[in-house]
Amino acid sequence: MADKQISLPAKLINGGIAGLIGVTCVFPIDLAKTRLQNQQNGSRLYTSMSDCLIKTIRSEGYFGMYRGAAVNLTLVTPEKAIKLAANDFFRQHLAKDGKLTLLKEMLAGCGAGTCQVIVTTPMEMLKIQLQDAGRIAAQRKLMPETVAAGTVETKSPTAIQISRELLREKGIAGLYKGLGATLLRDVPFSIIYFPLFANLNKLGTKGDGPAPFYVSFISGCLAGSTAAVAVNPVDVIKTRLQSLNRGGTEDTYSGVTDCIRKILHNEGPSAFLKGAYCRALVIAPLFGIAQVIYFLGVGEFLLSYLPKKDN
């Protein structure tokens, strides 16, 4: 539960388990989000989230919806560990007499979001290549006019192959392409989410007691989906910048400013809302699942089995 005092090790376990379960549940929607955000005018294969998922299953099978999931499942636990540990660190150092103002809560969240990108950026860089590979393959078959002439069809790459190629060609910077856009997305997300969740959660409290589980669950879902939609324009920019493979008629971008300019000129302002519905559907269950894990006290339960040191 959001209001319980939980030790850092228990938080790390809860966050890791919540991340693993959440990613498994909502990954197909996240795949649809990436593909919808990446398609440009003149090369549109999908009209909606459901259309994207149906076409993905037909062309790539059921497990095609989980392209790139292994990367997320591998890195989501260290990502959560860094975010939770950093948030605890900043809250502890910003607190005065054990209390935090709203501004300091926002600053702690921003600090945690900033530290998180150490893992988030390469994780999403690899995930996006794997998620979007099916769209490029389908484009090649259904819309060959959008593929550059003379392009040779290649097999779907693996995360290890992509990592090796990026490291060989661009060094460690290759895995951190889109770092600026990731910061521009994750920091504002934290600024919006943490205060909004805290205030929504307070509405369900009675006296000095903690909020009921269902209030924390609903508050997490509402705050998460609101923050997700609010930062969706930056998520579109980040996704476009991190996509390495494109059709022959699709734009390429040199940076955040160039990406914004080309999207506005070629697709209009509405392009920045591509995948917003999918992103809200991804984020809301993730935070809801996290609340369930915290409420059940999974981390505390597992830690109770560790041998205790004698005083």
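Since we're looking at a predicted model, the values are computed, not measured. Numbers here are sequence positions counted from 1.
- Applying the side chain to side chain contact (heavy atoms under 4.5 Å, CB included) rule to S163 yields the partners L126, L175; only residues at least two apart in sequence or on another chain are considered.
- Judged by distance alone, with hydrogens and angles left aside, the side-chain atoms of S190 form a donor-acceptor pair with the main-chain N or O of D186 at under 3.5 Å.
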Kindly determine whether L203 and V215 satisfy side-chain contact (heavy atoms from CB on, under 4.5 Å), including the steps that lead there.
-> CA-CA 8 Å; L203 296 176; V215 172; over 6 Å; no
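- Remark: the backbone N or O of K83 is not paired with any side-chain donor or acceptor of N87 at under 3.5 angstrom.
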For E79 and Q116, what are the C-alpha separation, side-chain angles and deciding distance, and is it a side chain to side chain donor-acceptor pair (under 3.5 Å)?
-> CA-CA 6 Å; E79 179 197 41; Q116 172 191 344; 3.0 Å; yes
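- Of the possible donor and acceptor atoms, one in the side chain of S225 sits under 3.5 Å from a partner among the backbone N and O of L222.
- Using a cutoff of 4.0 Å between basic side-chain nitrogens and carboxylate oxygens, R185 and D235 are scored as salt-bridged.
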Verify salt bridge (charged side-chain N to carboxylate O under 4.0 Å, His left out) between K127 and D30, making sure each step is shown before the conclusion.
-> CA-CA 10 Å; K127 182 195 73 171; D30 187 64; 2.8 Å; yes
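- Between the K104 side chain and the L94 main chain, a donor and an acceptor come within less than 3.5 Å of each other.
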Hey, mind stepping through Q40 and R240 against side-chain contact (heavy atoms from CB on, under 4.5 Å) and telling me if it holds?
-> CA-CA 10 Å; Q40 301 178 20; R240 295 282 181 95; 3.8 Å; yes
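- Contact check on E165 versus K170 returns no salt bridge, with no Lys/Arg side-chain nitrogen under 4.0 Å from an Asp/Glu carboxylate oxygen.
- Just one of Q131, Q37, E124 meets the side-chain hydrogen bond (donor to acceptor under 3.5 Å, both in side chains) condition when paired with T239; it is Q37.
- Heavy atoms of other residues, nucleotides or ligands lying less than 6.0 angstrom from CG of L306 number more than 12.
- Between the side chain of H93 and the backbone N or O of F89 there is at least one donor-acceptor pair closer than 3.5 Å.
- The backbone N or O of F197 lies less than 3.5 Å from no partner atom in the side chain of N201, so there is not a single donor-acceptor pair.
- Between K274 and E267, at least one side-chain N (NZ, or NE/NH1/NH2) sits under 4.0 Å from a carboxylate O, which counts as a salt bridge.
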Walk me through it: do F189 and V234 pass the test side-chain contact (heavy atoms from CB on, under 4.5 Å)?
-> CA-CA 10 Å; F189 180 93; V234 188; over 6 Å; no
Derivation and outcome, side-chain contact (heavy atoms from CB on, under 4.5 Å), residues K177 and T121 | CA-CA 8 Å; K177 185 178 181 182; T121 305; over 6 Å; no
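- One finds the SG atom of C52 at 6.0 Å from the CG atom of L31 (value rounded to the nearest 0.5 Å).
- In terms of modelled atom types and a separation under 3.5 Å, the side chain of Q129 and the main chain of L244 share a donor-acceptor contact.
- Residues passing the side chain to side chain contact (heavy atoms under 4.5 Å, CB included) test with I29, sequence neighbours excluded: M49, C278, L281, V282.
- The backbone N or O of T56 sits nowhere less than 3.5 Å from a side-chain atom of Y46 that would complete a donor-acceptor pair.
- Aromatic ring pairs are classed by plane angle as parallel below 30°, tilted from 30° to 60° and perpendicular above 60°; the pair Y66 and Y62 is tilted.
- Salt-bridge annotation for R35 and D132: absent, with no side-chain N of the basic residue lying under 4.0 Å from a carboxylate O of the acidic one.
- Shown here are the side chain to side chain donor-acceptor pair (under 3.5 Å) partners of R164, two or more places apart in sequence or in another chain: there are none.
- Between the side chain of Q39 and the main chain of L45, a donor-acceptor pair closer than 3.5 Å is present.
- You'll find the ring centres of F287 and F217 outside the 6.0 Å limit.
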